[in-house]
Amino acid sequence: MDDVIIPVAFFLILAGAVVSVAYFQSQRNRERDRQYAEAMDHYREVVERARSEQESTRLQLVELGHRLKTVEGLLRSVD
């Protein structure tokens, strides 16, 4: 019976070490994934803001194009 205790205790300690290392690695990976998700949310917000600003700039350019055509028409009519 004494011959069995030492190997069983060794494997129990080894299994506990493996489980604890795996647990802490999964916690670290979970934290990294959470930070990655937060960064992706921030990037998504920045992209949405840039898209809306780009749309407003495009609308301003279209309006300026129409105004320019109107001014061109006025200048041509003066000739």
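In what follows, residues are counted from 1 in the order of the sequence shown.
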- Query: Between R32 and N29, is any pair of side-chain heavy atoms under 4.5 Å apart?
  - Reply: yes
- Decide yes or no on side chain to side chain contact (heavy atoms under 4.5 Å, CB included) for E63 and L59, but give the supporting numbers first. CA-CA 6 Å; E63 182 183 346; L59 291 174; over 6 Å; no
- Item | Hydrophobic cluster identity match, L12 and V4, side-chain contacts under 4.5 Å | yes
- Do I13 and V8 share a hydrophobic cluster, counting only Ile, Leu, Val, Met, Phe, Trp and Tyr and linking them when any side-chain heavy atoms are less than 4.5 Å apart?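 Hydrophobic grouping puts I13 apart from V8.
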- Task: Return each pair, listed once, that meets salt bridge (Lys or Arg N to Asp or Glu O under 4.0 Å) where at least one residue sits in residues 16-31; pairs must be two or more places apart or across chains.
- Result: E31-R34
- Query: Nearest 0.5 Å, what's the CG-CG distance between L68 and L61?
  - Reply: 11.5 Å
- Gap separating the CD atom of Q60 from the CZ atom of R58, nearest 0.5 angstrom: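 Here the rounded value is 11.5 Å.
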- Task: Taking only Lys NZ, Arg NE, NH1 and NH2, and the carboxylate oxygens of Asp or Glu, determine whether K69 and E72 approach each other closer than 4.0 Å.
- Result: no
- ILVMFWY cluster membership beyond Y23 - transitive side-chain contacts under 4.5 angstrom: F24
